[in-house]
Structure formats: structure tokens, C-alpha cells
Amino acid sequence: MIAAAGSGERLGAGGPKAFVELAGRPLLDWSLDAFRAAATVTEIVVATPPGEEGLVADRGVVAVAGGAHRSESVAKALELCGQEIVVVHDAARPLVTPALINAVVERLASDEGAAGAIAAAPVTDTIKLAGDDGEVERTLDRSGLWAVQTPQAFRADALREALSDPDSLPEATDDAMLVERRGGRMLIHPNAADNLKVTAPLDLRVAELLLRERA
Ligand code: CTP
Ligand code: MG
């Protein structure tokens with residue numbers, strides 16, 4: 001399931017981020033290529049901005065109107081998904097690879113008691129906690145801290161339950177946190193930081209360089 005229903009406000013491209021051009025094609029298409037090529041993937045559902053489902057009509061995927069917040073879009077895509085293991089991915093991460101998708105699925109499949117497995121990179125910056133006045137309260141111990149990415153693989157039942165409380169969806173910055181809250185065991189698949197998220201214009205330039213280098 002690919003979450004592509006955001007408006008891309010911080011990118012400021014004047015249209016939905018998933019359809020902004022990146023290295024010659026819409027941002028979303030880079031992720032679609034990876035999902036199509038991943039041996040563990042059998043069907044693809046894409047959440048688009050409401051009313052824009054037609055933008056993916058020619059791509060051989062199931063389209064669904066997304067919600068107002070990211071996890072609401074994921075919940076709507078999940079309704080159309082008949083698989084036991086599902087992978088959630090943000091269209092905003094165009095550098096995802098088939099190998100990474102397969103790796104999170106296989107990590108989850110190899111641990112029967114786990115609810116999910118997520119790609120994440122070790123935090124390399126020093127992380128400080130500061131008040132609203134900009135004054136540092138303290139420095140956190142970064143060992144054991146991970147910067148979480150997508151793809152995230154879940155047992156569909158666990159994800160369905162985690163997304164079932166509509167009040168919890170608006171504040172969720174990933175789906176795994178909703179599963180964790182209900183006591184679901186989430187596993188980390190360590191990954192490089194280059195699976196970056198396109199948020200601001202700088203990210204688009206870096207992603208373009210990395211994609212052209214890969215080609
Ligand atoms: N997303 C979604 N439905 C929403 C909001 C976000 O499917 N209602 C998707 C985006 O399309 C993106 C991913 O969730 O692929 C991560 O969200 P983010 O990077 O915040 O994208 P946008 O919400 O589009 O950007 P912004 O917050 O700057 O508006
Ligand atoms: Mg957003």
C-alpha cells in the first residue's frame with residue numbers, strides 16, 4: 001500500500017507531492033517500480049488525493065481516495081487489501097528498492113510472534129531536548145535511537161486493529177507506533193539513511209542526484 005494522498009505543502013510545488021517530477025517522472029513512479037519488481041508483492045493499492053484517483057488509472061494498481069491524515073489514507077487502502085502481510089510505504093520515499101521491500105517482509109515472516117518489521121537508520125546526529133524558548137534541557141543518549149522509514153511490513157490483522165480507533169490516526173507519524181501502543185512487537189530492519197523522505201525542495205535535489213547515480 002502506497003500512501004500518496006498528501007498535498008506536499010512543505011515542498012511547495014503547487015500540486016500533490018506524489019506527482020511532482022523527479023528525475024524525469026512522477027515521484028510516485030519510482031516507488032511503484034520497486035514494488036512491481038519485489039518478489040514478495042502480489043498486489044498494489046495506492047491512496048491518492050481524493051478526486052485524483054484517475055492519476056494512477058493507467059498504472060495497473062488499485063486506487064483509493066486517501067484521507068485527511070496519513071494514517072487515515074493507510075486505513076482506507078487497507079480496506080481494499082486481501083493479503084495476510086501488508087507493506088506500507090510513503091510515495092515520498094522514491095529511493096526504496098525491491099530488496100528493501102523483500103527484506104522487511106522476510107524479517108516479519110521469520111518471526112511468528114512479531115506484528116511488524118520496519119526499515120530504520122541509526123540516528124547519527126546528536127539529539128537534544130529543548131523548550132519552546134530554545135533553551136536546551138538535556139542531551140539524549142542516541143545509542144538505541146533509530147530514524148524510522150518506510151517500507152513497514154505488518155500482519156494485516158495487527159495493522160487493522162491498530163488503525164481501528166479513528167481518534168488516534170491524526171497524530172500518528174507512522175503506523176508502527178499505533179501497533180506498538182497496542183502491545184504489538186515491532187522489529188527493526190537496519191537500513192542506510194539514503195532511503196530519504198522528500199519533504200522540502202532540498203530533499204528533491206538530493207533524491208534526484210541519488211536516482212541518476214543509480215541509473
Ligand atoms: N500522505 C497520505 N495522506 C495524507 C497525508 C500524507 O497518503 N492525508 C502520504 C504522503 O503522500 C506521503 C506520506 O504520506 O507520501 C508522508 O507524508 P508527508 O511527507 O508529510 O507528505 P505530505 O503530507 O504530502 O507533505 P506536507 O506534510 O508537507 O503537506
Ligand atoms: Mg504531511
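This chain uses plain numbering: 1 for the first residue, then up along the sequence. Order of appearance sets the numbers: ligands from 1, and atoms from 1 within every ligand.
- For His69, every heavy-atom contact with ligand 1 shorter than 4.0 Å involves the backbone, none the side chain.
- The neighbour count for Glu137 CD, taken as heavy atoms of other residues, nucleotides or ligands under 6.0 Å away, is above 12.
- Looking at Ala92 against ligand 1, both its backbone and its side chain come within 4.0 Å, counting heavy atoms.
- Within the structure, ligand 1 has Ala68 among the residues with a heavy atom less than 4.0 angstrom away.
- At a 4.0 Å heavy-atom cut-off, ligand 1 does not touch Ala18 at all.
- Counted within 6.0 Å of CZ on Arg181, heavy atoms from surrounding residues, nucleotides or ligands total more than 12; the atom is thus considered enclosed.
- Of the protein's non-hydrogen atoms, the one nearest atom 26 (P) of ligand 1 is Glu9 N, 3.5 Å.
- Near Asp90, meaning under 4.0 Å from one of its heavy atoms, ligand 1 places the atoms 13 (C), 14 (O), 15 (O), 16 (C).
- Counting only heavy atoms from C-beta outward, the side chains of Leu204 and Leu27 approach each other to under 4.5 Å.
- At the top of the distance list for atom 7 (O) of ligand 1, counting protein heavy atoms only, stands Ala5 N, 2.9 Å.
- Under the 4.5 Å side-chain criterion, counting only non-hydrogen atoms from C-beta, Asp90 is in contact with Arg70.
- More than 12 non-hydrogen atoms from other residues, nucleotides or ligands lie less than 6.0 angstrom from CG of Asp133.
- Side-chain atoms of Trp30 and Leu95, non-hydrogen and from C-beta on, never get closer than 4.5 Å to each other.
- Heavy-atom distances between Ala47 and ligand 1 stay at or above 4.0 Å for every pair.
- The closest protein non-hydrogen atom to atom 12 (C) of ligand 1 is Ala3 O, 3.7 Å.
- Counting only non-hydrogen atoms, the option in Lys197, Arg10, Glu72 that gets closest to atom 27 (O) of ligand 1 is Arg10.
- Looking only at protein heavy atoms, the nearest one to atom 22 (P) of ligand 1 is Gly8 N, 3.7 Å.
- Residue-environment remark: CD (Glu171) exceeds the threshold of 12 foreign heavy atoms within 6.0 Å.
- Residue contact check: Ser73 has heavy atoms under 4.0 Å from atoms 2 (C), 3 (N), 4 (C), 7 (O), 8 (N) of ligand 1.
- Only the side chain of Lys17 comes within 4.0 Å of ligand 1, judged by heavy-atom distances.
- Summary of contacts: the protein heavy atom closest to atom 14 (O) of ligand 1 is Arg70 CG, 3.3 Å.
- The minimum heavy-atom distance linking Asp29 with Arg59 is given by the pair OD1-NE, 2.6 Å.
- Here the heavy atom of the protein found nearest to atom 8 (N) of ligand 1 is Gly67 O, 2.9 Å.
- Look at Glu72 and Lys76 and you find no salt bridge, because none of the NZ, NE, NH1 or NH2 atoms lies under 4.0 Å from a carboxylate O.
- The CD atom of Glu9 sits 12.5 Å away from atom OG1 of Thr199, with the distance rounded to the nearest 0.5 Å.
- Taking atom 1 (N) of ligand 1 as the reference point, the nearest protein heavy-atom neighbour is Gly6 N, 3.4 Å.
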